[in-house]
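What follows is a single structure, written as structure tokens, with notes after it.
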Amino acid sequence: MAPAQTDSNAIQAWSQSTAVRGSLTGIIAATNLELQVPQYNATGSGTAFGPALSGGAFQGTLQYDDWYKVRYSGPLDWSIAQAGLVAGATVINFSVRGQNVATLIAVGVIIGGGVGILGTFTWNGDH
């Protein structure tokens with residue numbers, strides 16, 4: 001399920017944040033997102049089908065209110081909300097059933113034309 005349209009381009013104010021590493025790479029007709037969250041020893045990945053976008057490796061900040069909801073609510077939808085609005089960064093929103101649960105500000109990776117791409121993200125170890 002895609003994030004609610006009214007939330008998909010928002011950068012929300014979240015109460016907590018953690019450092020992340022990752023990559024955003026395009027292969028033919030898919031874009032892959034890989035994340036590592038060292039603070040919580042969590043890794044995950046997701047794919048969005050459609051125009052392939054390539055950005056490369058990044059470091060960033062994952063902002064959220066409730067880590068349990070982000071990590072254990074099942075697969076998350078992800079969407080590239082804004083590219084280039086935050087200087088030198090791409091903003092990716094994560095949602096569950098249309099409700100935003102986290103925002104990733106990926107520094108060092110800028111993609112063009114990727115706003116609105118939608119995919120599914122799963123944490124490793126989720127069932």
Side-chain angles (χ1 to χ4, degrees):
M1 173 182 237
Q5 197 62 24
T6 56
D7 294 334
S8 66
N9 292 323
I11 298 178
Q12 292 184 238
W14 301 99
S15 63
Q16 300 193 44
S17 65
T18 188
V20 297
R21 303 187 287 269
S23 65
L24 190 64
T25 54
I27 303 171
I28 303 174
T31 300
N32 296 317
L33 173 65
E34 302 279 335
L35 278 185
Q36 299 173 350
V37 185
Q39 178 178 350
Y40 296 110
N41 195 30
T43 61
S45 61
T47 302
F49 294 98
L53 305 172
S54 187
F58 62 82
Q59 294 187 10
T61 304
L62 184 67
Q63 300 173 347
Y64 56 93
D65 284 334
D66 181 350
W67 175 250
Y68 187 84
K69 185 181 285 187
V70 172
R71 176 65 174 87
Y72 298 106
S73 293
L76 303 171
D77 294 319
W78 63 279
S79 64
I80 297 176
Q82 299 165 349
L85 180 69
V86 177
T90 293
V91 177
I92 298 172
N93 283 326
F94 292 90
S95 63
V96 175
R97 292 178 291 286
Q99 288 279 338
N100 279 355
V101 295
T103 298
L104 168 64
I105 299 175
V107 179
V109 60
I110 301 176
I111 54 158
V115 174
I117 190 170
L118 302 173
T120 301
F121 182 89
T122 304
W123 294 103
N124 291 335
D126 279 359
H127 301 290

Over all atoms of both residues, closest heavy-atom pair of [X] and [Y]:
{"X": "N124", "Y": "R71", "result": "O-NH2, 2.9 Å"}
{"X": "L76", "Y": "F94", "result": "CD1-CD2, 4.0 Å"}
{"X": "W14", "Y": "V101", "result": "CH2-C, 3.4 Å"}

Legend entry - Side chain D65, main chain S15, donor-acceptor under 3.5 Å: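 At least one qualifying donor-acceptor pair exists.
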Inset, instruction - Look at the rings of Y68 and Y72 and say which category their plane angle falls in: under 30° parallel, 30 to 60° tilted, over 60° perpendicular. - result: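 Taking Y72 first and then Y68, their aromatic rings sit tilted (interplane angle of 30° to 60°).
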Legend entry - Residue pairs passing the ring pair (Phe, Tyr, Trp, His ring centres under 6.0 Å) test where at least one lies in residues 24-66, sequence neighbours excluded: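 Counting only pairs at least two positions apart or across chains, the ring pair (Phe, Tyr, Trp, His ring centres under 6.0 Å) contacts touching residues 24-66 are Y40-W67, Y64-W67.
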Report, one line per pair, each donor and acceptor closer than 3.5 Å where one atom sits in a side chain of residues 28-38; sequence neighbours left out.
residue	atom	partner	partner atom	Å
T31	OG1	L53	N	2.9
N32	OD1	T47	OG1	2.9
Q36	OE1	R21	NE	2.9
Q36	OE1	R21	NH2	3.1

Legend entry - OG-CH2 distance between S45 and W78, expressed to the nearest 0.5 angstrom: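 Taking OG in S45 and CH2 in W78, the distance rounds to 10.5 Å.
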Inset, instruction - Measure the CG-OG1 distance between N93 and T103 for me, rounded to the nearest 0.5 Å. - result: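 N93 CG to T103 OG1: 4.0 Å, rounded to 0.5 Å.
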Inset, instruction - Walk me through it: do S95 and N100 pass the test side chain to side chain donor-acceptor pair (under 3.5 Å)? - result: CA-CA 4 Å; S95 63; N100 279 355; 4.6 Å; no
Legend entry - Contacts of S17 that satisfy side-chain hydrogen bond (donor to acceptor under 3.5 Å, both in side chains) - sequence neighbours left out: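 Result, side-chain hydrogen bond (donor to acceptor under 3.5 Å, both in side chains) vs S17: none returned.
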Legend entry - Q16 atom CD, over 12 foreign heavy atoms within 6.0 Å: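 More than 12 heavy atoms, drawn from other residues, nucleotides or ligands, come within 6.0 Å of this atom.
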